[in-house]
Protein chains: 2
Amino acid sequence: MNYIEQLKAHALKVTPQRMAILEEIEAAGHIDVDHLYEILRMNFPSISLATVYKNVNQMYELQILEAIKVPNHKLQYEITKAPHIHLACDSCGSVMDMQQCIGELIDSAESESGYRLNHSTVVLNGLCPSCQKKSA
Amino acid sequence: MNYIEQLKAHALKVTPQRMAILEEIEAAGHIDVDHLYEILRMNFPSISLATVYKNVNQMYELQILEAIKVPNHKLQYEITKAPHIHLACDSCGSVMDMQQCIGELIDSAESESGYRLNHSTVVLNGLCPSCQKKSA
DNA sequence: TAACTAAACAATAAAAATTATTATTTAAGT
DNA sequence: ACTTAAATAATAATTTTTATTGTTTAGTTA
């Protein structure tokens, strides 16, 4: 995926900070603003938390990013990909993707409701295999 | 649904505040903490915002409530019912329920992933019919 | 490549949202 | 009614998020 083109397509200037934000989110898979800020500071010691918030929110609104909420954990962001399912562990907070097509679900919901849909967030909560063992 | 029994089942005392919180959320369908607080103050002039936060979070963690995030809007809470689909309008922030069964989806995700799932949040974002007209 | 312009940046301050603390009150079981 | 553990209100503190302002930078134009 070409982030430069994607930013330009949304009339956002291609800055080193924005590129780094996107690259770090991609590398992490799923990450919250705080943690992202900590990582970015390694390469951009002067970056400000407000910049991270501003850009992440901006990209979220433009749907370059999407957000996943897990109880007791901060909002986690990821790069928007094809609609898919998130498996979230309530115990350790980890999020896993399942590349299963939910296009049919979206299509039927759209036609039944009259909504025009453009985006989906499917989060299934539970315990990951590893946390199941711990609590057993 | 009997809220008294539900609270007791989770070892939460049945207080007028808790009952009112549950009843108001049910009445509203979907509501954020701030708005809920404003409504509760009508009947409980002395209730504190912290009490609302504490109880809503508590009930959320116990899955008596669930939360829906819409961009640019605060977290909205609703009474946990059968797993269903939320349609959320990015423009006006309204949330609508669709009583469509997603049990199959959950079952297949569970068996494929090894996760033990107990809860689901499916949010499909877009524009509601009314906001489509406005922007057209 | 030098200069221009609009936008992004860092730093700071401010505002908003959330959580913690403590003394008082209340629910529910004896 | 009495007792005890828990919930509440009030307040303070913390955390998260947003706004502001002056400076810097990206991307364009000449």
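Numbers restart at 1 for each chain; the letters A, B, ... are given by sequence-line order, proteins then strands.
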Interatomic spacing from CD1 in A/Ile21 to OG1 in A/Thr15 - rounded to 0.5 Å: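 With rounding to 0.5 Å, CD1 (A/Ile21) is 7.0 Å from OG1 (A/Thr15).
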
Within 6.0 angstrom of B/His10 NE2, more than 12 heavy atoms from elsewhere: yes

Over 12 non-hydrogen atoms of neighbours within 6.0 angstrom of CD in B/Glu104: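 Open: at most 12 neighbouring heavy atoms sit under 6.0 Å from CD of B/Glu104.
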
B/Leu87/B/Leu124 under side chain to side chain contact (heavy atoms under 4.5 Å, CB included): CA gap, chis, key distance, verdict: CA-CA 5 Å; B/Leu87 296 171; B/Leu124 306 182; 3.9 Å; yes

Sugar-phosphate, base or nothing in reach of B/Leu49, heavy atoms under 4.0 Å: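 Answer is base: heavy atoms of B/Leu49 come under 4.0 Å of a base.
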
Sugar-phosphate only, base, or nothing, as touched by B/Lys74 at under 4.0 Å among non-hydrogen atoms: sugar-phosphate

Please check the phosphate of [N] (OP1 and OP2 only) for any side-chain N or O of [X] closer than 4.0 Å.
| X | N | value |
| --- | --- | --- |
| B/Ser48 | D/dT11 | no |
| B/Lys13 | C/dT26 | no |
| A/Thr51 | C/dA10 | yes |
| B/Ser46 | D/dA9 | yes |
| B/Gln17 | D/dA9 | yes |

Looking only at the side chain of [X] (C-beta and beyond, no hydrogens), which of the listed nucleotides [options] gets closest?
| X | options | result |
| --- | --- | --- |
| A/Pro16 | D/dA7, D/dA26, D/dA19 | D/dA26 |
| A/Asn57 | D/dA26, C/dA28, D/dT18 | D/dT18 |
| B/Asp34 | C/dA17, D/dT16, C/dT19 | C/dA17 |
| A/Val14 | D/dG27, C/dA17, D/dA26 | D/dG27 |
| A/Tyr53 | D/dT16, C/dA20, D/dT8 | D/dT16 |
| A/Arg18 | C/dC9, C/dT19, D/dA19 | C/dC9 |

Would you mind reading off the distance between [X] atom [atom1] and [N] atom [atom2], rounded to a whole angstrom?
| X | N | atom1 | atom2 | result |
| --- | --- | --- | --- | --- |
| B/Lys54 | D/dT11 | NZ | P | 18 Å |
| A/Ile4 | D/dA26 | CD1 | C1' | 12 Å |
| B/Lys8 | D/dA6 | NZ | P | 16 Å |
| A/Met19 | C/dC9 | CE | C1' | 17 Å |
| B/Gln58 | C/dT19 | CD | C1' | 13 Å |
| B/Leu7 | C/dT26 | CG | P | 19 Å |
| B/Leu36 | C/dA17 | CG | P | 14 Å |
| B/His35 | C/dA17 | NE2 | C1' | 17 Å |

Contact list for residues 84-113 of chain A, test ring pair (Phe, Tyr, Trp, His ring centres under 6.0 Å), sequence neighbours left out: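 Qualifying pairs: A/His84-A/His86.
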
Those residues that, when tested against A/Lys13, pass salt bridge (Lys or Arg N to Asp or Glu O under 4.0 Å) (two or more places apart): none

